[in-house]
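Heads up: the structure comes next, in structure tokens.
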Amino acid sequence: MSAGGNGAGASYVVRGTALRDHWFDAPLDHADPSGPTIKLFAREMFDPALESAGLPWLLFLQGGPGGRGNRPLGLSGWLREASKSFRVLMLDQRGTGLSTPASRQTLPLLGDAGAQADYLAHFRATDIVADAELIRTALGSGPWSIFGQSYGGFCALTYLSFAPGGLKEVLITGGLGPLTGPADQVYQATFGRLIGRNAEYFARYPQDRAVLTRIMRHVRDVPELLPTGERLTPERVQMLGNYLGGNTRIDALHYLLEDAFVPTPGGDRLSDGFLTQLSAQVSRAANPLYALMHESIYVQEEASNWAAARVLSARPEFAPDAAEPLLTGEAVYPWYFVQDPALAPLREVAALLAARTEGWGRLYDLDRLARNTVPAAAAVYTEDIYVDRDISLSTASAVKGLQVWETADFHHDGIADDGEGIFARLLAMVRGEDA
């Protein structure tokens, strides 16, 4: 169907999964319904054998910020388990995927950097929750179930704060962020955990310590160009620390590093294969909102002022010129908007957002959360380097009735490791059943 109005397309089947596309018109600012509008896209997924069963809705809130909804190629992992009980709605959160995308290509349509920053001030969890409620109403659903992964869990807490009447039950994995500021506390905790995760990695693959140091020194002295044309820098090599956030990804980092160097007539150089794989990891071309909005997910009535960069500057072990530099993880720094061609045109916008206080209202209602009556359960990963365990448990204690399952068996990508088991356990918890 055309994307020109609210409605649903016909269902189709991809490898045993029935899919149906949905489009919705939403106000950019829900406080001004007569103002500019954006388009929202969501994809319904269900087991075609259960289409006539009248299963209730489950809204999946993706991690990020700035990540579009998953595009699975079949009923596998957590989706397989969820489809036994639900029709799953996979939302492209505003600005991502097919939901009026926001990028270096589209944002200039709005005007100068100030106009773009004002526009993006409407792309936070409170806006995503308002979008979800608009969609729920348009679908004719009563209170529905939601499943939030990582940043999707932050959004779930916002949902419990401002629209709990729309919720039947809440499941969260790796997504209990801090309920109050400042953003600095997040990076002070997660950079500390990242030091330990680096040590764990290099104990597992001791040969990679020398390889990483060699790569870092090499790119400082020898121009190596990424497929997108820019020179590779030591800071962007360190971004490979994103691999350390998961059970299913840590070994992939070793396989990447073993491809690093090849002999050439001009001496050893980084291989095309290595550079191509690294580029796919460090470019934000596919999710620029992640870089633009990342620190805003932690701030409330305050500016972030590049919190990660300030905290990291006090950690000399992460300095690119350290004797044995460590890998960094999930954070955003000002130089992103200089070195990444997909972000460079947005450098001024990013600076305005980092300094902004206007529009960064409260993301959570602490009194409402303390009186929560919606069944909720969360998986907290003990060694999570992205969403700190201690912060998560503090947040959980502030939400009445929120059940916590803490486990050291998984890292941040737990649902990629055993999505079926994790989903089944959390669903059983919120329903008072034995897992």
Side-chain angles (χ1 to χ4, degrees), residues 45-46 50 53-63 77-91 125-126 128-133 135-137 139-179 363-381 387 389 391-407 410 414-415 418-435:
M45 303 178 179
F46 56 94
L50 300 176
L55 295 178
W57 287 102
L58 172 78
L59 174 68
F60 180 68
L61 294 169
Q62 169 74 350
W78 72 264
L79 186 59
R80 181 198 303 274
E81 184 64 28
S83 66
K84 296 176 183 178
S85 305
F86 300 100
R87 288 179 291 167
V88 176
L89 193 68
M90 190 71 66
L91 174 64
T126 45
I128 293 167
V129 167
D131 289 343
E133 278 294 276
I135 291 170
R136 183 181 66 83
T137 301
L139 292 173
S141 173
W144 60 5
S145 306
I146 63 171
F147 178 30
Q149 157 65 12
S150 189
Y151 174 61
F154 293 28
C155 294
L157 291 171
T158 302
Y159 215 143
L160 284 170
S161 294
F162 299 114
L167 298 174
K168 176 184 177 183
E169 57 201 358
V170 174
L171 283 62
I172 296 172
T173 53
L176 295 180
L179 298 177
L363 292 170
Y364 311 106
D365 183 327
L366 302 186
D367 291 337
R368 181 73 63 83
L369 292 175
R371 295 181 282 107
N372 173 60
T373 59
V374 178
V380 172
Y381 306 129
V387 181
R389 175 258 185 195
I391 291 175
S392 295
L393 294 183
S394 176
T395 292
S397 69
V399 183
K400 184 177 180 180
L402 174 60
Q403 301 179 71
V404 171
W405 166 42
E406 183 181 352
T407 174
F410 306 102
I415 60 171
D418 182 20
E420 289 183 80
I422 291 171
F423 185 90
R425 179 164 185 155
L426 293 177
L427 187 62
M429 288 171 66
V430 296
R431 295 185 173 181
E433 303 168 357
D434 292 331

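Along the sequence shown, residues are numbered consecutively beginning with 1. As the structure is a prediction and not an experimental result, all values here were calculated from the model.
- Closest non-hydrogen pair, Leu402 versus Ala377, comes out as CD1-N, 3.7 Å.
- The two residues Val387 and Ser392 have their closest heavy-atom pair at CG1-OG, 3.4 Å.
- Residues Ile391 and Pro178 come closest through the heavy atom pair CG2-N, 3.6 Å.
- A donor-acceptor distance shorter than 3.5 angstrom exists from the side chain of Ser161 to the backbone of Asp365, with no hydrogens or angles considered.
- Listed for the Gln403 side chain is a donor-acceptor partner under 3.5 Å among the backbone atoms of Met429.
- To the nearest 0.5 Å, the span separating CG on Leu61 from CD1 on Ile172 amounts to 9.5 Å.
- Arg87 places no side-chain N or O within donor-acceptor distance of the main-chain N or O of Phe46, the cut-off being under 3.5 Å.
- A distance of 11.5 Å separates CG in Leu160 from SG in Cys155, rounded to the nearest 0.5 Å.
- A distance of 10.0 Å separates CZ of Phe147 from CG of Leu79, quoted to the nearest 0.5 Å.
- Among residue pairs with one or both ends in residues 139-161, none qualify as salt bridge (Lys or Arg N to Asp or Glu O under 4.0 Å); sequence neighbours excluded.
- Looking at residues two or more places apart in sequence or on another chain, you find a salt bridge (charged side-chain N to carboxylate O under 4.0 Å, His left out) between Asp131 and Arg94.
- Partners of Tyr381 by ring-ring contact (aromatic ring centres under 6.0 Å, His included), not counting sequence neighbours: none found.
- Of all the heavy atoms in Met90 and Met45, the pair that sits closest is CB-CE, 3.9 Å.
- Looking only at side-chain heavy atoms (C-beta outward), Trp78 and Leu426 stay at 4.5 Å or farther from each other.
- With values rounded to the nearest 0.5 angstrom, Ile415 atom CD1 is found 11.0 Å from Phe410 atom CZ.
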Begin with the C-alpha distance, continue with both residues' side-chain angles, and end with the deciding distance and a verdict on side chain to side chain contact (heavy atoms under 4.5 Å, CB included) for Val430 and Val170. CA-CA 8 Å; Val430 296; Val170 174; over 6 Å; no

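- Thr395 contributes a side-chain N or O that, together with a main-chain N or O of Gly177, makes up a donor-acceptor pair within less than 3.5 Å.
- Atom CG of residue Asp418 and atom CZ of residue Phe423 lie 13.0 Å apart, to the nearest 0.5 angstrom.
- Closest heavy-atom contact between Pro56 and Ser85: CD-O, 3.4 Å.
- Of the possible polar contacts, one joining the Thr158 side chain to the Leu363 backbone as a donor-acceptor pair under 3.5 Å is found.
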Please lay out, stage by stage, how Leu427 and Glu169 fare under the test side chain to side chain contact (heavy atoms under 4.5 Å, CB included). CA-CA 9 Å; Leu427 187 62; Glu169 57 201 358; 3.8 Å; yes

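- Here the CG atom belonging to Leu59 is positioned 4.5 Å from the CH2 atom belonging to Trp144, to the nearest 0.5 angstrom.
- Contact of the Leu58 side chain with the Leu171 side chain is not registered, since no non-hydrogen atoms from C-beta on lie closer than 4.5 Å.
- Residue pairs meeting the salt bridge (Lys or Arg N to Asp or Glu O under 4.0 Å) criterion with at least one partner in residues 158-168, sequence neighbours excluded, are absent.
- Applying the side chain to side chain donor-acceptor pair (under 3.5 Å) criterion to Glu406, with sequence neighbours excluded, gives Thr382, Arg389.
- Every residue two or more places apart in sequence or in another chain was checked for a ring-ring contact (aromatic ring centres under 6.0 Å, His included) with Tyr159, and none qualifies.
- Between Leu50 and Lys84 the shortest heavy-atom distance is CD1-O, 4.0 Å.
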